[in-house]
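Written below as structure tokens is the structure these notes are about.
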Amino acid sequence: SITGAGLYTASDQILVLTPQNVNSALINSTAAVVVEFYASWCGHCVHFSPVYKSLARDIKEWKPAVYLAAIDCAENMEVCRDYGISGYPSIKFFNAYSTNASMGKYIRGFNRDLRVLRQLIIDRMEAHEEPAPPACPPLEPISQAEITSFFETNTVEYLALIFEESTSYVGKEVTLDLLQFDNVSVRRVLRSEEALVSQLGVTEFPSCYLYYPGGNATRLQVQIEARTFYSYALQRLPGVVRFGKPKPLSTDLFTNNTVEPWRAFNSSRVYMADLESALSYSLRVELSSTAVFKGDALSALKGYIAVLAKYFPGRPMVTNLLKSLDSWLKAQDGAEVSYSDLREVLDLPAQVPNSGLPAVVRWVGCQGSKPHLRRYPCGVWTLFHVLTVQAQRSNESDASQPQEVLKAVRDYVKQFFGCRECAEHFVAMATEGLREVKTLSGAVTWLWTRHNRVNNRLAGALSEDPHFPKIQWPSPTMCPTCHGVKPNGEHSWETDQVLAFLVSHFASDRLLPDYLV
Ligand code: FAD
């Protein structure tokens with residue numbers, strides 16, 4: 001890259017095209033590809049880029065059938081010229097199995113509305129010439145006759161039928177949202193399929209039914225009859241898993257593959273044991289890889305401990321320790337602090353009974369079904385959320401430092417968090433967005449939205465515990481009032497409700513003390 005000014009990175013779920021990869025991406029691909037041709041200097045493109053990124057997050061489950069790519073024409077003029085591009089941004093659709101003669105077809109009429117963009121892409125998928133992308137499920141409506149013979153030719157456990165008007169896209173969107181999941185097929189049924197509509201007593205359009213061999217059906221219970229609610233509920237039916245992932249066995253949780261016995265816990269609550277464990281691992285293990293703190297690392301350390309001393313809602317023995325660590329650090333006015341000196345202060349109270357931070361790490365809400373899943377990173381997120389909520393609650397009247405906790409968290413992650421790739425992603429997000437945080441409540445919701453972005457990126461990844469799938473959190477079951485739909489049918493977060501939920505979920509007086517050492 002000459003200027004490095006490209007608007008997208010791989011972590012946006014958008015394939016960044018270059019002269020080196022453009023042919024392999026667009027020619028003879030098994031999936032259709034939507035390409036945005038832009039110029040990084042074009043203000044309109046910069047303005048459009050968050051929309052394109054949201055679209056990529058929104059339709060990432062569709063990837064095996066159709067995915068998004070982008071190319072910066074400011075840096076790759078020849079490629080863009082070869083594809084006949086003269087204005088930016090231009091979006092073109094490339095069929096699967098395109099030849100090198102293909103110029104793609106313009107997608108016109110798009111705007112900043114995700115729903116419009118999705119529908120334009122679906123229109124192209126429906127008009128796709130043969131051969132269609134093999135991963136693309138049928139998007140046309142199913143007839144009663146096909147339903148009757150469905151289970152003769154399919155072995156899936158669930159057939160989800162979405163009853164809707166012919167102009168609706170909900171059924172097609174949900175079909176694509178479930179594309180990467182095993183054991184469930186989704187088909188749309190038009191309202192005009194009268195015999196079936198009356199057989200099942202369908203009166204609401206859209207509505208979703210699970211249809212079983214033999215002709216029985218049950219209505220899928222959702223809070224709102226809309227795409228995201230259907231997709232969320234279907235992806236979580238018992239027995240439905242991502243392709244290639246083993247079905248989670250409940251015995252995984254109890255067999256002794258994690259050395260320690262499984263601790264029963266309530267997954268809608270926060271445990272102090274996880275917070276203390278994260279703290280202990282962070283101070284005793286993660287920080288110990290830095291022998292001497294100086295410069296930015298020293299400031300990051302001081303900032304982190306200061307925020308912990310102020311806001312960690314721990315037992316007195318722990319908060320006293322954090323306060324003494326903080327005062328000791330503040331008194332170190334040299335250019336360097338060694339980890340061994342810090343460790344001495346940290347371990348000092350251990351000689352006095354019931355004081356200090358227990359060295360034992362004991363995960364509860366952050367237990368994983370395998371030793372390499374969840375645990376510390378889960379504890380770190382939980383700790384960070386608790387800190388933003390504590391700051392919000394204790395400083396209601398003083399909003400002079402709305403970014404205090406987030407900056408400390410960002411600098412800790414940047415300097416010390418062991419997963420370096422995680423750190424890079426997180427710091428990139430924080431650089432882009434922290435400036436917008438103007439209030440302490442804003443800091444709470446900022447961390448929530450960024451954590452959800454990470455969840456979105458990691459859904460289905462190897463690091464996902466099959467027993468704890470990555471979701472856009474909190475789920476409709478956990479917080480029904482957090483979810484709503486916009487007039488155009490798109491999912492919306494009710495941000496005031498989410499804030500209230502976060503503040504109560506992570507509140508110090510609701511932390512559970514079970515399993516503490
Ligand atoms: P976690 O995502 O760790 O969440 C812990 C708990 O927080 C959940 O159980 C839930 O109760 C709650 N929660 C979930 N979502 C939210 C939300 N939006 N707001 C508030 N609370 C929520 N892993 C990678 O593979 N690649 C990465 O780039 C990466 N980056 C990371 C960056 C940071 C700063 C951190 C702390 C971790 C990162 N990880 C990354 C690890 C990954 O995010 C998870 O922590 C890990 O996979 C364990 O997941 P989990 O299922 O325990 O839930």
Side-chain angles (χ1 to χ4, degrees), residues 9-13 57 232 248 253 258 265-271 273-275 277-279 281-282 286 300 304 363-389 392 405-431 433-434 443-479 482-483 493 495 497-507 510-512:
T9 68
S11 71
D12 294 317
Q13 318 250 14
R57 286 195 290 272
Y232 179 83
L253 296 181
T258 58
F265 71 97
N266 177 343
S267 59
S268 52
R269 296 294 294 274
V270 180
Y271 288 80
D274 290 314
L275 296 176
S277 297
L279 195 56
Y281 186 91
S282 152
E286 196 145 71
Y304 176 59
W363 305 112
V364 179
C366 283
Q367 286 169 108
S369 65
K370 296 273 173 346
H372 63 279
L373 297 174
R374 307 193 75 224
R375 301 181 171 214
Y376 181 58
C378 168
V380 170
W381 276 120
T382 311
L383 172 64
F384 290 173
H385 289 296
V386 164
L387 293 174
T388 58
V389 165
Q392 192 257 18
V405 172
L406 294 179
K407 281 188 171 150
V409 155
R410 176 197 59 195
D411 293 346
Y412 178 87
V413 170
K414 180 174 181 181
Q415 295 293 333
F416 310 118
F417 194 49
C419 169
R420 294 319 294 161
E421 203 193 307
C422 306
E424 267 169 43
H425 282 136
F426 188 77
V427 170
M429 280 198 305
T431 314
L434 265 193
V444 174
T445 47
W446 186 89
L447 195 63
W448 161 71
T449 54
R450 304 307 135 135
H451 191 173
N452 268 344
R453 278 199 202 170
V454 175
N455 293 343
N456 180 295
R457 178 158 50 79
L458 297 180
L462 268 181
S463 60
E464 178 180 60
D465 190 327
H467 289 272
F468 300 91
K470 299 269 190 286
I471 58 164
Q472 293 301 287
W473 191 94
S475 69
T477 343
M478 259 184 134
C479 178
C482 292
H483 299 264
W493 289 103
T495 31
Q497 299 288 331
V498 173
L499 177 63
F501 175 83
L502 291 167
V503 168
S504 130
H505 182 78
F506 292 108
R510 293 197 69 231
L511 299 173
L512 295 177

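All heavy atoms count here, side chains included; hydrogens, waters and symmetry mates do not. First listed ligand is number 1; within each ligand, the first listed atom is number 1. Everything numeric here is computed off the predicted structure, so don't read it as measured data.
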Non-hydrogen side-chain atoms of [X] and [Y] separated by less than 4.5 Å:
{"X": "Asn452", "Y": "Asn456", "answer": "no"}
{"X": "Arg374", "Y": "Trp363", "answer": "no"}
{"X": "Asp411", "Y": "Phe416", "answer": "no"}
{"X": "Phe468", "Y": "Cys378", "answer": "no"}
{"X": "Trp473", "Y": "Trp448", "answer": "yes"}
{"X": "Pro466", "Y": "Leu373", "answer": "yes"}

contact_flag [X] ligand 1 heavy-atom lt 4.0 Å:
{"X": "Val454", "value": "yes"}
{"X": "Lys470", "value": "yes"}
{"X": "Glu464", "value": "no"}
{"X": "Phe506", "value": "yes"}
{"X": "Ser463", "value": "yes"}

How about His451 and Trp381: are their ring centroids closer than 6.0 Å?
yes
Does His505 have its ring centroid less than 6.0 Å away from the ring centroid of His385?
no
Can you tell me which residue and heavy atom of the protein come closest to [atom], and the distance to 0.1 Å?
{"atom": "atom 43 (O) of ligand 1", "value": "Trp381 NE1, 3.0 Å"}
{"atom": "atom 15 (N) of ligand 1", "value": "Asn455 ND2, 3.0 Å"}
{"atom": "atom 39 (N) of ligand 1", "value": "Cys422 SG, 3.6 Å"}
{"atom": "atom 16 (C) of ligand 1", "value": "His451 ND1, 3.2 Å"}
{"atom": "atom 5 (C) of ligand 1", "value": "Cys378 SG, 3.5 Å"}
{"atom": "atom 8 (C) of ligand 1", "value": "Arg374 NH2, 4.3 Å"}
{"atom": "atom 41 (C) of ligand 1", "value": "Pro377 CB, 3.7 Å"}

Side chain or backbone, does Trp448 bring an N or O within less than 3.5 Å of an N or O on ligand 1?
yes
Can you label the angle between the Phe417 ring and the Tyr376 ring as parallel, tilted or perpendicular, going by 30° and 60°?
tilted
Can you label the angle between the His483 ring and the Trp493 ring as parallel, tilted or perpendicular, going by 30° and 60°?
tilted
Among Phe501, Phe426, Trp473, Phe384, whose heavy atom sits nearest atom 10 (C) of ligand 1?
Trp473
A student comparing Val427, Asn456, Leu458, Asp465 should find that the heavy atom closest to atom 23 (N) of ligand 1 comes from Leu458
Side chain, backbone, both or neither: Asn452 near ligand 1, heavy atoms under 4.0 Å
both
Verify the neighbour count for atom NZ of Lys414: are there more than 12 heavy atoms of other residues, nucleotides or ligands below 6.0 Å?
no
Output the list of atoms in ligand 1 that are nearer than 4.0 Å to some heavy atom of Val380, sorted by atom number.
36 (C)
